[in-house]
Amino acid sequence: MSEMRDLIATLPTQLRWAADLDRPRVPPAKSAVVAGMGGSGIAGDVAAVVAESESTRVTVHKSYGLPSWVRDELVVAVSHSGNTEETLSGARAAVAAGIPWVAVATGGRLLEDADASGAARVDIPFSPQPRAAFGYLAGGVLRVLEASGVVGDQTGALREAADVVEGALAGPAHEAASEIADRLAGRVAVVYGGSGVGAVAANRWKTQINENGKTPAYWSALPELDHNEIVGWSAHPELGRESIGVVFLHDAGDHPRIALRARLTRELITPTTTVAADVSSLGVGVLARLFSLTIVGDLVSVGLAERAGIDPAPVAVIEDLKKRLATQPGGST
Ligand code: PA5
């Protein structure tokens, strides 16, 4: 049993921590930009789906600085370490432009910058890896957005998500993940979701398989993939059948035509690739449905690491790259 497998099982605890968090004191706003990268930045993707479901707008920014149009939005800078240069650059752009911002981090320069500039901060409990703090980071960002008025009360939704994930972790998610990992082992995973919940979940599956499974993986969303990627399965059927495993993620919130497209796309690509699994979301609310899909992907990713005989936790190449960047001119950390 790997440490990462144990960390993944803490997701319900993390979601309940976020539900119990005292509502942070942050400036009111109608819309927000969440700046963050990798295992932290996906908290913004979760927030964007929640906001969309409430007919408000959260834009996710995964680069340096801020989008040029940002004026009246609340900027939420989220970084597990608090030291990610792109995220620090976004926070510093907000300070320079006098745009209200909030830091969500375990420590680092981001929290120091928040204190120095008088911005609000949400301190997240530390996890050994950012991607293992998914519930803390997404929940913390959501509670900030709730406090600013960009989204409504998230406490009930976070609790439902915790309950649904806990139920999945009691057995079904492990069983499903073990079968899927058997089918994906030694293959490149391609994960397809619908727009919204399915797309964010597919992205999380991909990054978890990359980082925990140390394996290439890719994701796409319907309906867009029906307008290009679907053609890519034609010319090299041996490649698709022997080296790739496609996973379809289904969500009750999918547009009916997207659900239909998933079924038809599956039928059309089956002769030329290996369809490894179909996974359907559980629960009622957006968060429960989203985390019910990601928890299976998280378990698949550690299952792949275990089958390859590797420790899922370390991401040495990311750390090496960050060190190399820090020694070069222009690093903001
Ligand atoms: O999984 C990882 O380690 C990365 O994707 C990090 O989350 C990413 O590099 C950003 O770092 P941080 O989460 O500390 O802002």
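Order of listing sets the numbers, starting from 1, for every ligand and every atom in it.
Ligand 1 does not have E319 within reach: every non-hydrogen atom of the residue lies 4.0 Å or more from it.
Close approach to G38 involves these atoms of ligand 1, each under 4.0 Å from a residue heavy atom: 5 (O), 7 (O). Short contacts between ligand 1 and M37, defined as distances under 4.0 Å to a heavy atom of the residue, involve ligand atoms 7 (O), 8 (C), 10 (C). Close approach to S79 involves these atoms of ligand 1, each under 4.0 Å from a residue heavy atom: 12 (P), 14 (O), 15 (O).
T84 OG1, 3.2 Å is the protein heavy atom nearest to atom 12 (P) of ligand 1. For atom 5 (O) of ligand 1, the closest heavy atom belonging to the protein is G39 N, 3.1 Å. Nearest protein neighbour of atom 14 (O) of ligand 1, counting heavy atoms only, is S81 OG, 2.7 Å. With hydrogens left out, the protein atom closest to atom 13 (O) of ligand 1 is S40 OG, 2.5 Å, a heavy atom.
Using a 4.5 Å heavy-atom cutoff, the side chains of V75 and V102 are not in contact.
Between D254 and R261, no side-chain nitrogen of the basic residue sits less than 4.0 Å from a carboxylate oxygen of the acidic one, so the salt-bridge criterion is not met.
Here the side chain of K206 pairs no donor or acceptor atom with the backbone of V191 at under 3.5 angstrom. The backbone N or O of P271 lies less than 3.5 Å from a partner atom in the side chain of R241, making a donor-acceptor pair.
Residue-level proximity to ligand 1 for P130 is carried by the side chain, the only part with a heavy atom below 4.0 angstrom.
Looking at E86 and S63, their side chains never bring a donor and an acceptor atom within 3.5 Å of each other.
For the pair I209 and A217, the tightest heavy-atom approach, listed with the atom from each and the gap, is CG2-CB, 3.8 Å.
Taking a 6.0 Å sphere around CG of D115, one finds it holds more than 12 heavy atoms contributed by other residues, nucleotides or ligands.
Ranked by closest heavy atom to atom 8 (C) of ligand 1, the top entry among E85, E211, K322, Q129 is K322.
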